[in-house]
Amino acid sequence: MKATYREALNQALREEMRRDDRVFLIGEDVAYYQGAFKVSKGFLEEFGSRRVVDTPITELGFTGLAIGAAMAGLRPVVEVMTFNFAILAMDQIVNNAAKIRYMSGGQLSVPIVIRGPGSAAHQLAAQHSQSLEAWFCHVPGLKVVAPATPHDAKGLIKSAIRDENPVIFIEAQLLYPMQGEIGDGDYTIPLGVAEVKRPGTDVTLIAYSKMLLVALEAAEKLAQEGIQAEVVDPRTLRPLDLTTLAASAKKTGKVVVVEEGWPFAGLGAQIAESLYRQVFDYLDGPIVRVTGRDAPMPYARDLEDAAIPDADQVVAAAHQVLYRT
Amino acid sequence: MERAHLVHLYTQMLLIRRFEERTAEMYALGKIGGFCHLCIGEEAVAVGAVDALRPDDYVFSAYRDHGHCLARGSDPKRVMAELFGRVTGLCKGKGGSMHLVDAERRFMGGYAIVGGHLPLAAGVAFAVKYRGGDQVVLCFFGEGAVPSGACHETLNLAALWGLPVLFLCENNRYGMGTPVERAVALYSDVAQNAAAYGIEAGRVDGMDVLAVRDAVGKAVEQVRTRQRPYFLEAVTYRFLGHSMADPAHGHYRTKAEVDEAKKRDPVLLLRTRMLSERLATEADIKRIEQEVAQIVREAVEFADASPVPPVTALEEDVYTS
Ligand SMILES: Cc1ncc(C[n+]2csc(CCOP(=O)(O)OP(=O)(O)O)c2C)c(N)n1
Ligand SMILES: [Mg+2]
């Protein structure tokens with residue numbers, strides 16, 4: 001069956017809300033407006049305002065409230081209009097959601113999903129375009145998921161909702177309209193499992209979320225030169241499936257990590273470090289990172305294009321690890 | 001109020017007082033570490049308020065939480081063991097003084113980011129309402145939390161959605177060294193902050209446990225039946241420093257002010273009343289004192305004899321598997 005990323009999420013959330021009355025959706029404009037990006041289209045009609053809850057513009061307040069609801073046994077799905085606004089709820093996410101289980105010695109748990117689009121769209125400028133996954137990945141107690149395809153989005157959001165832990169689920173505005181083949185009905189994809197999206201033998205390209213599409217495009221270009229790139233999508237960023245990433249790195253001996261976020265202390269640095277610990281002896285050279293540029297996102301289209309990694313940069317990085325410059 | 005009930009309230013307050021005094025001693029001996037905030041002077045608020053709840057109601061607190069937790073009926077042994085950082089503590093030694101949790105008693109925890117637990121309390125109330133239950137959530141916080149964004153966002157949501165929360169502001173005049181009149185614009189009537197959201201609000205003498213019991217009893221009943229939040233300001237005073245690191249007065253308040261406040265010691269007020277109204281004899285008072293001393297002694301012995309958590313516990317309870 002074909003579906004867009006948006007439709008896949010819509011289906012998955014709908015199915016989860018049908019199977020479990022404890023699941024409810026809460027956030028700004030999720031009910032009457034049907035979601036800023038229409039992910040919750042039709043939900044108010046089907047589930048009513050008890051379970052599809054429009055909030056005032058108070059991220060701290062409604063995220064904290066949803067965490068409390070999770071402590072009391074509900075399974076809230078919080079839609080942040082975009083992850084930029086989750087910064088206002090950071091204290092609730094880091095100090096409460098992530099730590100309550102630990103601080104209580106395991107007495108309480110917080111089965112919550114906080115989801116919405118992260119990263120850049122088109123010309124939204126600095127405050128609306130940023131990749132914050134590294135912030136969340138830093139925190140023990142949180143799980144972080146960033147699916148790139150409709151199929152993964154559906155299977156992973158279901159696992160996230162059924163998980164007993166707080167899950168940060170990062171979508172992307174530019175992925176919502178993307179079409180893909182999705183599985184039928186009620187399937188789940190376990191958290192913490194990466195997937196080889198394109199097999200290859202010469203170089204490993206690791207990429208997630210929107211950057212997976214960039215990496216796949218680069219792999220296509222590399223194939224035309226006779227280079228077989230293996231593209232691996234971690235899908236879950238915490239816990240990271242090092243087994244799958246390391247197996248690919250071991251096979252090719254050459255690794256490029258692609259991320260849209262800022263370079264300094266970005267997630268690619270963590271992935272590289274983890275790989276060095278496991279497969280250093282199998283690598284033919286240093287891991288190369290392709291990242292967003294080290295500046296707030298500019299508005300001007302040409303500057304914005306230059307700030308975000310593209311396939312040519314990934315090809316160049318592959319050449320670099322292959323010593324083909 | 002029945003005599004037995006009064007005796008119970010008195011015993012609870014005295015337990016908290018003696019528990020906190022021993023906690024200070026244990027802190028001085030290095031048995032307890034970190035930030036430790038005692039509630040001596042504020043016992044009547046904890047005891048009077050929690051007494052008005054049903055066992056299936058919920059309680060939230062901030063970091064000055066020993067009294068609330070004990071008032072809720074948690075085992076003093078396990079509370080003291082938590083302060084000692086022992087594996088037998090309520091939270092297996094992982095929470096400490098500021099993060100006591102006793103889920104069995106629906107004591108949902110102490111939280112140490114000022115104002116940060118108010119949305120959680122509203123969320124539990126949201127869950128109660130979602131399920132069609134009739135439990136009430138009692139949320140304690142200091143007047144220092146009132147100007148925070150977390151407080152105002154929560155008050156708005158609770159009023160907007162008719163959530164069954166009793167916001168209980170323990171106004172002990174100070175947030176560390178900052179008096180309420182330098183922190184809260186509507187300082188002379190703190191509850192006005194909630195009234196602005198259409199939340200019914202009141203004030204009570206937080207040194208008089210019977211007044212607190214009565215005011216909270218009425219407020220809880222109202223919250224339960226009307227499914228609306230309520231904001232109660234309990235006017236109280238902290239007799240000791242902000243934390244164990246802070247002397248009883250200091251630069252921000254005078255000894256004379258503290259001495260004046262101590263004239264209305266909540267434990268003594270109730271004792272005097274019970275004696276003068278012949279609801280208790282000197283012998284009763286003495287017996288209660290002995291009972292409480294015994295409980296506190298056993299709590300300390302239990303904590304001290306308990307093992308420290310194994311290092312293998314360090315990375316446990318981070319995730320639910
Ligand atoms: C958000 C935040 N800022 C600062 C602090 C440091 N701090 C701890 S307690 C406190 C005073 C709080 O006063 P109040 O809420 O009145 O409670 P009380 O100590 O009087 O019980 C401050 C500033 C904190 N814990 N959290
Ligand atoms: Mg105070």
Side-chain angles (χ1 to χ4, degrees), chain A residues 21-24 26 49-51 53-76 78 88-89 91-92 94-112 139-143 163-167 191-192 238-239, chain B residues 58 60 82 87 89-96 98-104 106-113 115-131 133 135 137 148-158 160-161 163 309 313 315-321:
Chain A
D21 184 65
R22 297 173 303 171
V23 180
F24 67 100
I26 180 169
S49 56
R50 171 172 169 267
R51 299 181 66 199
V53 185
D54 273 339
T55 68
I57 306 157
T58 50
E59 281 76 10
L60 182 173
F62 69 73
T63 305
L65 181 144
I67 294 166
M71 291 165 71
L74 298 186
R75 297 197 161 253
V78 175
L88 282 94
D91 172 53
Q92 292 298 322
V94 175
N95 277 317
N96 288 338
K99 295 177 185 167
I100 279 172
R101 178 168 177 80
Y102 194 80
M103 294 193 297
S104 68
Q107 293 178 78
L108 301 170
S109 56
V110 183
I112 193 173
V139 184
L142 299 180
K143 294 187 178 181
D163 202 279
E164 295 298 327
N165 300 285
V167 180
L191 304 188
R238 184 183 181 120
Chain B
Y58 296 85
F60 277 86
E82 187 61 31
V87 74
L90 283 176
C91 308
K92 304 193 280 198
K94 286 178 174 168
M98 300 187 284
H99 306 299
L100 300 172
V101 173
D102 192 348
E104 212 179 295
R106 298 200 163 177
F107 185 76
M108 304 300 279
Y111 295 86
I113 305 299
H117 64 297
L118 274 74
L120 303 180
V124 170
F126 179 95
V128 166
K129 192 165 177 143
Y130 188 92
R131 294 199 182 101
Q135 294 83 9
V137 182
S148 72
C151 178
H152 284 269
E153 292 192 16
T154 304
L155 292 176
N156 183 60
L157 288 171
L160 196 63
W161 295 342
L163 302 179
E315 290 183 0
E316 289 169 6
D317 299 319
V318 178
Y319 293 98
T320 312
S321 45

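As the structure is a prediction and not an experimental result, all values here were calculated from the model. In the text below, chain A, chain B and the rest are named by the order of the sequence lines, each starting its count at 1.
- Between chain B and the residues A:G68, A:A98, A:P111, the largest count of heavy-atom pairs under 4.5 Å involves A:G68.
- Heavy atoms of B:L160 lying under 4.5 Å from chain A belong exclusively to its side chain.
- Across all non-hydrogen atoms, the minimal contact from A:G61 to B:L157 is C-CD1, 3.5 Å.
- When all heavy atoms are compared, the tightest approach of B:R131 to A:A72 is NH2-O, 2.6 Å.
- Here the straight-line distance linking atom SG of B:C91 with atom CE of A:M103 works out to 9.0 Å at 0.5 Å rounding.
- Put simply, the side chain of A:E164 never gets that close to the backbone of B:S321: no donor and acceptor are under 3.5 Å apart.
- The contact between A:V53 and chain B is made entirely by side chain atoms (from C-beta outward), counting heavy-atom distances below 4.5 Å.
- By number of non-hydrogen pairs under 4.5 angstrom with chain A, the leading residue of B:K94, B:K92, B:R106 is B:K94.
- With a 4.5 angstrom heavy-atom cutoff, A:K143 touches chain B via backbone and side-chain atoms both.
- How far CE of A:M71 is from CG of B:L120: 5.5 Å, rounded to the nearest 0.5 Å.
- Nearest heavy atom pair, residue B:V318 against residue A:G141, reads CG1-N, 3.4 Å.
- Of the two parts of B:M108, the backbone and the side chain both hold a non-hydrogen atom closer than 4.5 Å to a non-hydrogen atom of chain A.
- Put simply, of B:L90, B:I113, B:T154, the one with the most heavy-atom pairs under 4.5 Å next to chain A is B:I113.
- In this structure, chain B has heavy atoms under 4.5 Å from both the backbone and the side chain of A:Q107.
- Here the closest non-hydrogen pair linking A:A69 and B:F126 is CB-CD2, 4.3 Å.
- Looking at B:E316, the atoms closer than 4.5 Å to chain A (heavy atoms on both sides) all sit in the backbone: N, CA, C or O.
- A:R22 CZ to B:Y130 OH: the interatomic distance, rounded to the nearest 0.5 Å, is 10.0 Å.
- Summarising the geometry, atom CG belonging to A:L65 is positioned 11.0 Å from atom CD belonging to B:E153; distances are rounded to the nearest 0.5 Å.
- Interface remark: A:L142 contributes backbone atoms only to the contact with chain B (heavy atom separation under 4.5 Å).
- Between chain B and the options A:V110, A:N96, A:I67, heavy-atom pairs under 4.5 Å are most frequent for A:N96.
- The OG atom of A:S104 sits 11.0 Å away from the CG atom of B:D102 when rounded to the nearest 0.5 Å.
- A distance of 11.0 Å separates CG of B:D317 from CG of A:L108, quoted to the nearest 0.5 Å.
- When each of B:W161, B:F60, B:Y58 is scored by its heavy-atom pairs under 4.5 Å with chain A, the top score falls to B:W161.
- No part of A:T63 comes within reach of chain B, as not one of its non-hydrogen atoms sits under 4.5 angstrom from that chain.
- Looking at A:I57, there are no atoms closer than 4.5 Å to chain B (heavy atoms on both sides), in backbone or side chain.
- Looking at A:N165, its side chain does come within 3.5 Å of a backbone N or O of B:T320 through a donor-acceptor pair.
- For B:L163, the part lying near chain A is the side chain, with the backbone staying farther off; criterion is any non-hydrogen pair under 4.5 Å.
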